Protein chains: 2
Amino acid sequence: MVTIKDVAKLADVSIATVSRVVNGYAHVRPDVRDAVNKAIDALGYRRNGLASSFRTQQSNIVGVLLRQQRTPFSSALAYAIETTMFDQGYRVLLCSTNGDADREQAYLETMLDMRVQGVIIRPSGTTAKTVKQVNLLRERGISVAFVDMKPKIAAVSSVVCDNFSGGYQGMRHLIELGHRKIGVVAGGVAQRGGSHDVGSERVRGIRQAARDLADDVEIVFSHPFDTASFDVGREVGAAMITENAGITAIFGTTDMLAIGVMHAAHALGLDLPRDLSILGYDGVLESAVTFPTLSTIAQPIHEMGQIAAMTLIDHMSEASKSPRQTVLENTLIQRASTIPLED
Amino acid sequence: MVTIKDVAKLADVSIATVSRVVNGYAHVRPDVRDAVNKAIDALGYRRNGLASSFRTQQSNIVGVLLRQQRTPFSSALAYAIETTMFDQGYRVLLCSTNGDADREQAYLETMLDMRVQGVIIRPSGTTAKTVKQVNLLRERGISVAFVDMKPKIAAVSSVVCDNFSGGYQGMRHLIELGHRKIGVVAGGVAQRGGSHDVGSERVRGIRQAARDLADDVEIVFSHPFDTASFDVGREVGAAMITENAGITAIFGTTDMLAIGVMHAAHALGLDLPRDLSILGYDGVLESAVTFPTLSTIAQPIHEMGQIAAMTLIDHMSEASKSPRQTVLENTLIQRASTIPLED
DNA sequence: CGCTATCTTGTAAACGTTTTCAAAACAAGA
DNA sequence: TCTTGTTTTGAAAACGTTTACAAGATAGCG
């Protein structure tokens, strides 16, 4: 193990000088700098990251805490955060808790122990526990940013999409296509989380659009529920189609939900999109790959991750910076699964 | 910041004793242990992970280097590794290089700097560079395990699936269904990587099955190529269908490829699966969600990740342990996209 | 040339833990 | 009680780096 001392000896300078060169300080005479660099190369020296993290009491690591179950959305988000962080010189400790409280606790402790510089959290809902955890982190001087959910209480930075507007847009799209009896399969709605979670916002937008844009729209809601998986979509979709004659379009508040509905429709022998228009929400990879391809309200997932990362980095470099709320827009991607209602 | 010293003072013992208690050593008198624990609780002491990693020169972190582009397969694998590692007390530094050499280099350096205890690599192909990197890691005493590809040279542990057998099984399935003119869209074949990469193995299995099981099988190969994406599948699939009348089944060596083919078929107005059977390979989430649902040769992705993690852990705890090669079996999942040939 | 201001360098302390070594305390056997 | 062996404890060094401080060197100016 070649240390800074070895380099110092070879270059015939003090270890302080080597340290300065390694860290790119000014005030080192050019010829000395060269000599040190030559010694570094000659010995193949690399600074001991553990020692330097220890001395400065900070790793250049940020934690990314993903509470929700592993989904295409989550992993796309994680990827966006990771690459952005990487480009800025930070490394990512990925923490998929999958809703397991013990695991979450253990991860939080790891992060504290490792002296991560910041944490990005995608919560499943803003619970009291979340607030407590965030406060714990901030007490220790760790910056925090939320993504995909705006914290209701603490003054924390966040990056979210305008889910109300997204719901509104989706509904407008269906109404403009002439649909009047529309099913809504609403998932991802936090049960007790209060009204500002992603799913509820989308539903609010949907309701508002129906009120604003036509007075003869009938919405058939499925009970909103917590999970938003393919299987749920298939079951609920099947029930909705069979029990409600006359529905011409179904809006799933999640792509996977919508894809489930699509399967149910296929299974029931419907000819898509002629017999039923289906609209999704999220814009994950899968939506481009269904048959027919799924129209969807796309979230700028990559951008969300990117901005969340950059926001956190700003906070970490200047701790004083005040929280910043970013709201991004969702946009309709019209593909093959939604068509005008034939009359 | 409350340190071990504060605890020692409060409990009226030496820091050495506190350290022993914290690390669960034997040879501490029970009453002393209790006193120390009480002091720890009273002060809210937590061991400084940075200091302790520094002192022991090891973090309990393992790196997971994913070379290939971000795919459903990759992320499922990463997840499996992460959760397994977590349960064993290790944390994961996720490194998605996406084929970018600079990024890969930087990640490798980070891992070296952080003194990761081990690294799991899913290579894109066993190049000379890979070998060099592995040797570099092992020189530094870092354990290495490969997943989804058997290294050709170094004596390194690996976990792979029997891709030959998988290709064979897939072909047998199609032949047993009565298909005789079968298209094969072969992706994920390393261009220069030699003959033992995943894609080539599958192709070998396919060829062997055709030879073994029927003497009137005609295989139409698309040129094997590096990428295995949806878009490639669609393009190649379209060409294959239009240029080769009489093909009744297409085997994509990757689910995404097969799904691309499926889209091409839909676009050309084919009625699936009646006009064309399609078989995929991987068993990723997406395959369960297409229409018709995709029959596929499923890989035990979770198990691969799990075993890779456990193998690495074994190596890390007992450096002497000799390399271990694990080969898992792929299994056919028959869904709706493959049906008997009607005559 | 002498003075001050600036640049450059080295010395040494510090970070919080683990661990070696040896001493102290205790137990057991005679 | 004395030996011997074991258990329990503390003192102190060590890990490799960063950094405060001070001192030496250099430059700029009159």
Side-chain angles (χ1 to χ4, degrees), chain A residues 1-40 43-61 89 109-110 112-117 140-141, chain B residues 1-40 43-61 89 109-110 112-117 140-141:
Chain A
M1 182 77 285
V2 29
T3 74
I4 202 172
K5 262 187 203 159
D6 303 317
V7 176
K9 199 185 298 175
L10 181 59
D12 199 29
V13 295
S14 74
I15 60 168
T17 300
V18 176
S19 176
R20 281 186 273 256
V21 171
V22 169
N23 292 297
Y25 275 172
H27 300 315
V28 178
R29 241 175 41 220
D31 54 325
V32 174
R33 180 180 301 275
D34 291 348
V36 169
N37 280 324
K38 207 181 299 177
I40 287 176
L43 296 171
Y45 167 75
R46 285 197 60 79
R47 107 128 120 318
N48 184 324
L50 253 28
S52 114
S53 287
F54 162 59
R55 176 55 226 250
T56 59
Q57 282 300 304
Q58 55 178 9
S59 56
N60 62 335
I61 295 187
E109 283 173 9
T110 300
L112 256 22
D113 282 359
M114 288 181 62
R115 302 290 190 276
V116 297
Q117 286 192 48
R140 307 266 190 134
Chain B
M1 183 76 284
V2 28
T3 75
I4 202 172
K5 264 187 203 159
D6 303 315
V7 176
K9 201 185 298 174
L10 181 60
D12 199 29
V13 296
S14 73
I15 59 169
T17 300
V18 178
S19 176
R20 282 187 272 255
V21 171
V22 169
N23 293 296
Y25 275 173
H27 299 316
V28 178
R29 241 175 42 220
D31 55 325
V32 174
R33 182 181 298 276
D34 291 347
V36 170
N37 280 324
K38 208 181 299 178
I40 288 176
L43 296 171
Y45 167 76
R46 285 195 61 79
R47 109 131 125 308
N48 184 323
L50 253 29
S52 118
S53 287
F54 162 60
R55 177 54 229 250
T56 59
Q57 282 300 305
Q58 53 178 10
S59 55
N60 63 334
I61 296 186
E109 284 173 7
T110 299
L112 256 22
D113 283 0
M114 288 181 62
R115 301 291 189 278
V116 297
Q117 287 193 48
R140 307 268 192 132

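Chain letters run A, B, ... following the sequence lines, proteins first and then strands; every chain starts at 1. What's counted below: heavy atoms across the whole structure, side chains too, no hydrogens, waters or symmetry copies. These numbers come from a predicted model, not from an experiment.
In this structure, CG of A:Asp12 is placed 15 Å from C1' of C:dT8, rounded to the nearest angstrom. Summarising the geometry, the separation between NZ on B:Lys9 and P on D:dG10 is reported as 15 Å, rounded to the nearest angstrom. Regarding B:Arg115, its CZ atom lies at a distance of 12 Å from the C1' atom of D:dT17, rounded to whole Å. Rounded to an integer number of Å, the gap from B:Met114 CE to D:dG16 P is 18 Å. Summarising the geometry, the separation between CD on A:Gln57 and P on C:dT17 is reported as 9 Å, rounded to the nearest angstrom. Distance A:Leu50 CG to C:dT17 P: 15 Å, rounded to the nearest Å. At whole-Å resolution of the value, CG in B:Leu43 and C1' in C:dG16 are 15 Å apart. Summarising the geometry, the separation between NE2 on A:His27 and P on C:dG10 is reported as 16 Å, rounded to the nearest angstrom.
Ionic pairing of A:Asp113 and B:Arg47 is not present here: no N-O contact between side-chain nitrogen and carboxylate oxygen is shorter than 4.0 angstrom.
The shortest distance between side-chain heavy atoms of B:Arg20 and B:Val36 does not fall below 4.5 Å.
Among the protein residues, B:Arg47 comes within range of the sugar-phosphate backbone only, with heavy atoms under 4.0 Å from sugar or phosphate atoms but none that close to a base. When heavy atoms are screened at a 4.0 angstrom cut-off, A:Ser19 is found touching base atoms of the nucleic acid. Base engagement by A:Ile15 is indicated by at least one non-hydrogen atom pair under 4.0 Å involving a base atom.
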Verdict with reasoning, A:Val21 to A:Val32, per side chain to side chain contact (heavy atoms under 4.5 Å, CB included):
CA-CA 9 Å; A:Val21 171; A:Val32 174; 5.5 Å; no
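Distances from the side chain of A:Ile4 to the nucleotides D:dT17, C:dT19, C:dG10 place D:dT17 closest. Here C:dG16 is the nucleotide among D:dT19, D:dT17, C:dG16 with the atom lying nearest to any side-chain atom of B:Arg55. With distances taken from any side-chain atom of B:Phe54 to the nucleotides D:dC15, D:dT9, C:dT18, the minimum falls on D:dC15. Here the side chain of A:Ala16 is nearest to one of D:dA12, D:dT9, C:dG10, namely C:dG10.
For C:dG16, the OP1/OP2 oxygens have no side-chain nitrogen or oxygen of B:Thr3 closer than 4.0 Å. Remark: A:Tyr25 is in phosphate contact with D:dT19, judged by side-chain N or O atoms under 4.0 Å from OP1 or OP2. Distances shorter than 4.0 Å separate some side-chain N or O of A:Asn23 from OP1 or OP2 on D:dT18.
Mapping A:Ser14 and A:Ala51 onto DNA chain C by nearest heavy atom places A:Ser14 closer to the 5' end of the strand. Toward the 5′ end of DNA chain D lies the nearest nucleotide of A:Val22, the other residue of the pair A:Arg29 and A:Val22 mapping further downstream.
If you check distances only, the side chain of A:Arg20 does reach the base of C:dG10 with a donor-acceptor pair under 3.5 Å.
In B:Asp12, the CG atom is not crowded: 12 or fewer heavy atoms of neighbouring residues, nucleotides or ligands sit closer than 6.0 Å.
B:Asn60 places a side-chain N or O within 3.5 Å of a backbone atom of B:Gly89 that can act as its donor or acceptor partner. Although no hydrogens or angles enter the test, the distance criterion places a donor-acceptor pair under 3.5 Å between the side chain of A:Gln117 and the main chain of A:Ser59.
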